[in-house]
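Okay, so here's the structure we're looking at.
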Protein chains: 2
Amino acid sequence: MTVTEAATERLIRIGEVARGAGVSVRAVRYYEQQGLLVAERSPSGQRLYRQDAIARIRFFQQMYAAGLTSRRITELLPCWDSGHTDAEQRAMLRAERDRIQAKVDELQAALNRLDEVIAITDTHP
Amino acid sequence: MTVTEAATERLIRIGEVARGAGVSVRAVRYYEQQGLLVAERSPSGQRLYRQDAIARIRFFQQMYAAGLTSRRITELLPCWDSGHTDAEQRAMLRAERDRIQAKVDELQAALNRLDEVIAITDTHP
DNA sequence: CTAAAACCTGACGCTGACGTCAGAGGCAAG
DNA sequence: CTTGCCTCTGACGTCAGCGTCAGGTTTTAG
């Protein structure tokens with residue numbers, strides 16, 4: 001890909017982004033409002049996104065699913081975009097990691113209790 | 001333990017239950033309101049609980065942590081209390097189990113992405 | 001007996017990631 | 001041209017598990 005091609009990369013509108021990422025149009029606007037996603041604007045004011053916006057939104061969804069807030073994600077986005085962190089960010093990364101790991105353990109425990117009941121009630125129809 | 005002792009089991013008030021289970025008094029009242037927890041009443045109207053109420057609440061917390069709603073828990077409580085289930089309950093048990101398992105997988109994926117960044121940024125201080 | 005601590009019943013508030021509705025403009029096709 | 005779909009900006013609604021405040025009764029400690 002040449003520099004010229006990169007400069008003329010095809011931009012897509014919000015509907016295509018939303019469908020591509022499997023979220024609602026409302027959600028995409030919300031991400032922008034939270035400072036997660038920046039969009040260019042067409043002369044008439046419509047949002048225009050680059051292709052990688054879809055991957056970014058998928059990443060947001062993954063972090064949301066892991067229990068991170070929009071605020072936390074904005075604070076940690078530079079770690080992904082620049083590959084560099086300061087001490088505060090490293091502390092946040094560790095804290096989130098530990099919280100998620102604890103959550104996994106909780107879920108596993110709950111899973112075991114459900115499986116016990118399933119096993120018992122399946123043998124006693 | 002004799003039958004007479006069982007009949008005169010020491011009942012505890014809501015504050016002791018809450019402290020024992022590590023939740024707020026408000027939370028315990030909420031569980032009753034949702035139909036999760038029944039309490040006797042003293043002549044003056046105060047709630048009186050048996051000791052096992054604490055274990056029940058710990059169980060509720062575990063299910064909440066696993067993403068079950070109060071409604072779902074009430075629907076599945078008979079499975080624990082009676083050890084018996086009908087077809088609908090078995091379907092719910094399986095659905096919840098699968099949902100939790102999927103959630104675990106999501107969290108593991110997020111965990112891996114965080115660990116990648118932690119590993120990279122720790123080697124690039 | 002009295003003061004503090006604990007309990008009661010409403011009932012409104014909070015949080016976060018959106019859903020949803022209103023009213024208005026933009027854009028390719030027939 | 002106009003039909004129909006897409007997009008825009010507010011702004012209020014939702015849900016669930018409580019937090020919190022108000023105003024009053026009850027139990028306990030000294």
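Each chain gets a letter, A, B and so on, in the order the sequences are listed, and its residues count up from 1.
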Which whole-number value in Å describes the distance from [X] [atom1] to [N] [atom2]?
X	N	atom1	atom2	value
Glu16(A)	dA28(C)	CD	C1'	15 Å
Gln62(B)	dG17(D)	CD	P	16 Å
Arg19(B)	dC7(C)	CZ	C1'	12 Å
Glu32(A)	dC18(C)	CD	P	15 Å
Leu37(B)	dG17(D)	CG	C1'	15 Å
Gln33(A)	dG16(C)	CD	C1'	12 Å
Glu40(B)	dC8(C)	CD	P	14 Å
Gln61(A)	dG16(C)	CD	P	17 Å

message = If only side-chain N and O atoms count, and only distance matters, is there a donor-acceptor pair under 3.5 Å linking Ser70(A) with Tyr64(A)?
response =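 Side chains of Tyr64(A) and Ser70(A): pair found under 3.5 Å.
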
Determine the contact category for [X]: base if any of its heavy atoms lies under 4.0 Å from a base atom, sugar-phosphate if only primed atoms, P, OP1 or OP2 are that close, otherwise nothing.
X	answer
Phe60(A)	nothing
Leu36(A)	nothing
Arg29(A)	base
Ser42(A)	nothing

Are [X] and [N] close enough that a side-chain N or O sits under 4.0 Å from OP1 or OP2?
X	N	value
Tyr30(B)	dG19(D)	no
Gln46(A)	dC5(D)	no
Arg47(B)	dT9(C)	yes
Ser44(A)	dC27(C)	yes
Ser70(B)	dA16(D)	no

[X] side chain: which of [options] is closest?
X	options	value
Thr69(A)	dT7(D), dG19(D), dA17(C)	dA17(C)
Arg41(B)	dT27(D), dC18(D), dT9(C)	dT9(C)
Tyr31(B)	dT27(D), dC8(C), dC18(D)	dC18(D)
Tyr64(A)	dA17(C), dT9(D), dC18(D)	dA17(C)

request  = Please say whether more than 12 non-hydrogen atoms of neighbouring residues, nucleotides or ligands are located less than 6.0 Å from CD in Glu88(B).
outcome  =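 No, because the 6.0 Å sphere around CD of Glu88(B) holds 12 heavy atoms or fewer from other groups.
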
ask   = Which distance, rounded to the nearest 0.5 Å, do you find between the CE of Met92(A) and the CG of Leu68(A)?
value =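 Here the rounded value is 9.5 Å.
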
inquiry  = Any salt bridge linking Arg19(B) with Glu16(B)? Criterion: basic side-chain nitrogen under 4.0 Å from a carboxylate oxygen.
reply    =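 So Arg19(B) does not pair with Glu16(B) through a salt bridge.
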
message = Quick one: does any side-chain atom of Thr123(B) pair with a main-chain N or O of Ile120(B) as donor and acceptor, under 3.5 Å?
response =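 Yes.
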
inquiry  = Looking at Arg26(A) and dT20(C), is any side-chain donor or acceptor paired with a base atom of the opposite kind under 3.5 Å?
reply    =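 Check passes, donor-acceptor contact within cut-off.
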
Tyr49(A): which of Val38(A), Leu11(A), Ile57(A), Val17(A) passes side-chain contact (heavy atoms from CB on, under 4.5 Å) =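 When side-chain contact (heavy atoms from CB on, under 4.5 Å) is applied between Tyr49(A) and each of Val38(A), Leu11(A), Ile57(A), Val17(A), only Val17(A) qualifies.
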
